[in-house]
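Because the structure is predicted, anything quoted here is derived from the model rather than measured.
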Amino acid sequence: MLHPAEVDEEKKRRCGSLCIQEYPGDAKGRKKDMGKQKGRKITAVIVAAILFIAALIYCNQVEKVELVSTGGQSYEKAVVKEIIVDNLQEDGERYGNQEVILEIKTGPMAGREMRAISPNGTLFGAACEVGMKVIAIVNVSEDTSLVTVYSQDRTAAIYGFVLFFALVVCLVGGKKGAKAMICLAFDGIAIFYILFPLVYRGFSPVWVTVFICVLATLFMMMMIGGVTSKTVSATVGTTCGVVAAGLSALIFGHFAGISGYNVSDIETLNYIAQQTPIRIGELLFSGIILSALGAVMDVGMSISSTIQELYETNPSIGKKQLFLSGIHVGRDVMGTMVDTLILAYAGGALSTLVTNYAYDLSYNQLINSYIVGVEIMQGVAGSLGIVLTVPITAVVSVELIYRRKKKKEKTKELDAIAG
């Protein structure tokens, strides 16, 4: 008569991976293994969190150069208490400045009522009304103080709108929506507290952006499904896609004679470059990589998930057929994503495009202007990143799936020989 353990091994050989382990000792072993895996995951998360915090601390050891003298000047919250002189005319338009009384709410002048001027400008000043919350520029020099209305206080509106967005995402998306908001917050932290400080310290904006893209992609994939072949292939595909977008922009820029210095705010950037080690010539291409990340990540994850689902539904499917199926799905996703990215860039440059249209510029002048060339480079380079992500992700996904399949088959053969 066979020993129970021998019976169990025989069952495993007959029914393969579908065999149910029935003995208490086996169940305890399985629970022990699961406990070890959970412990390793928790340890990995803690180590990753410590490393991330350490990176944040290191990156933000920055001493900024004072580019503009702001001594004695501060931006404070205030409330309009009285309109002394209004600039509203009979025709309903505003001309000149308003003179108002403000109650300062923050800063050294908090609690004091001060006379202020509110300029009539589209980007500076505000159409003040009694009770309106504003941001005031308070300039203090010895015994003299000058107060100017900078803008309406938009803090509550901005935070309220962002909170509304987060609530809608969480209500519609449930747990996945909450994870998406966590990923968005992580991306913001990585950009503001790693990308900006490193670029300010003189690191290459392009390579720092690539690193941030990899970091953001890894975090997103870990939140969605942990470390699996699906998330690994999506991460590899996304990284290659954004790098391809950056490289295609650099190649186009070389042949078209467009560099990071051919941007509208180059005078300000040149002044900053004279005072800091920022590599302003790479900022344009860095922006192209970063702006393409979201769409490229979406495509990479879609292709990887689709190929994984197809294989799990039909494990006997051939390697070539699985790859072609991923490509076919990718073509559909690619079409919508390319449109999304191109339209996003077109929307961002709409004011410039309408201005050019209104001036009725000639074709040769328009197509050869730096503004149009930069916009075309951004849109096409980002779209190329999306397109190339499809085959790259498909190849990596199929390769990982079949490597894992071969490994399992080899393990079964060794178990059979050992038995």
Side-chain angles (χ1 to χ4, degrees), residues 187 191 195 199 204-210 212-213 216-217 237-270 272-273 278-300 302-303 330-393:
D187 293 345
I191 291 170
L195 175 63
V199 169
S204 169
V206 171
W207 290 113
V208 173
T209 303
V210 170
I212 293 297
C213 288
T217 305
T238 299
T239 304
C240 292
V242 295
V243 170
L247 287 175
S248 61
L250 286 168
I251 294 170
F252 171 81
H254 173 74
F255 287 102
I258 296 176
S259 70
Y261 295 91
N262 304 126
V263 292
S264 57
D265 54 349
I266 187 59
E267 291 182 2
T268 303
L269 289 173
N270 274 329
I272 293 173
I278 296 176
R279 304 183 189 181
I280 61 171
E282 297 182 29
L283 292 177
L284 174 62
F285 304 101
S286 173
I288 291 172
I289 294 172
L290 193 62
S291 59
L293 175 61
V296 171
M297 190 187 297
D298 190 8
V299 171
S302 298
I303 301 302
R331 286 171 180 168
D332 296 331
V333 178
M334 179 180 66
T336 57
M337 283 296 119
V338 167
D339 278 350
T340 300
L341 201 58
I342 293 291
L343 292 175
Y345 281 117
L350 189 61
S351 298
T352 302
L353 296 175
V354 170
T355 300
N356 291 334
Y357 177 80
Y359 274 98
D360 195 22
L361 303 179
S362 67
Y363 172 78
N364 284 335
Q365 181 183 359
L366 187 64
I367 198 68
N368 289 290
S369 66
Y370 280 119
I371 294 174
V372 172
V374 168
E375 293 299 329
I376 290 173
M377 179 173 67
Q378 289 176 326
V380 175
S383 299
L384 273 172
I386 291 173
V387 172
L388 294 175
T389 299
V390 174
I392 293 171
T393 307

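- At a threshold of 4.5 Å between non-hydrogen side-chain atoms, the residues Tyr261 and Leu269 do not count as touching.
- Taking OG1 from Thr355 and CG from Leu350, the interatomic distance works out to 9.0 Å, rounded to the nearest 0.5 Å.
- From Asp298, atom CG reaches atom OG1 of Thr336 across 8.0 Å, with rounding to the nearest 0.5 Å.
- At distances below 3.5 Å, at least one donor-acceptor pair connects side-chain atoms of Thr209 with backbone N or O atoms of Pro205.
- Proximity of Ile272 to Thr268: side-chain heavy atoms (C-beta onward) are separated by under 4.5 Å at one or more points.
- To the nearest 0.5 Å, the span separating OH on Tyr345 from CG on Leu353 amounts to 14.0 Å.
- Side-chain contact between Val243 and Val210: present, with at least one pair of heavy atoms (C-beta onward) separated by less than 4.5 Å.
- In this structure, Ile191 and Leu290 have side chains that are in contact, with non-hydrogen atoms separated by less than 4.5 Å.
- Rounding to the nearest 0.5 Å gives a distance of 9.0 Å between OG1 of Thr239 and CE of Met297.
- A heavy-atom distance below 4.5 Å is not found between the side chains of Val390 and Val333.
- Nearest approach of Ala292 to Ala245, heavy atoms of both residues: CB-CB, 4.4 Å.
- Side chain of Asn262 to backbone of Ser259: a donor-acceptor contact under 3.5 angstrom is found.
- Under the side-chain contact (heavy atoms from CB on, under 4.5 Å) criterion, Ile251 pairs with Phe255, not counting sequence neighbours.
- Atom OG1 of Thr217 and atom CG of Leu293 lie 5.0 Å apart (nearest 0.5 Å).
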Would you tabulate the side-chain donor-acceptor contacts of residues 366-381 under 3.5 Å, counting partners in other chains and residues two or more places apart, or write 'none'?
residue: Asn368; atom: ND2; partner: Asn364; partner atom: O; Å: 2.8
residue: Ser369; atom: OG; partner: Leu366; partner atom: O; Å: 2.9
residue: Ser369; atom: OG; partner: Val372; partner atom: N; Å: 3.4

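- In plain terms, the two heavy atoms of Ser204 and Arg279 that are nearest each other are CB-NH1, 3.5 Å.
- Looking at every heavy atom in both residues, Ala244 comes nearest to Leu388 through CB-CD1, 3.7 Å.
- For the residue pair Cys213 and Val242, the shortest heavy atom distance occurs at CB-CG2, 4.1 Å.
- Taking each heavy atom of Ile280 and Ile266 in turn, the nearest pair found is CD1-CD1, 4.2 Å.
- Closest non-hydrogen pair, Ile288 versus Ala249, comes out as CD1-CB, 3.7 Å.
- Taking OH of Tyr363 as the start and CG of Leu361 as the end, the distance is 13.5 Å to the nearest 0.5 Å.
- For Ile342, the side-chain contact (heavy atoms from CB on, under 4.5 Å) partners two or more places apart in sequence, or in a different chain, are Val338, Ser383.
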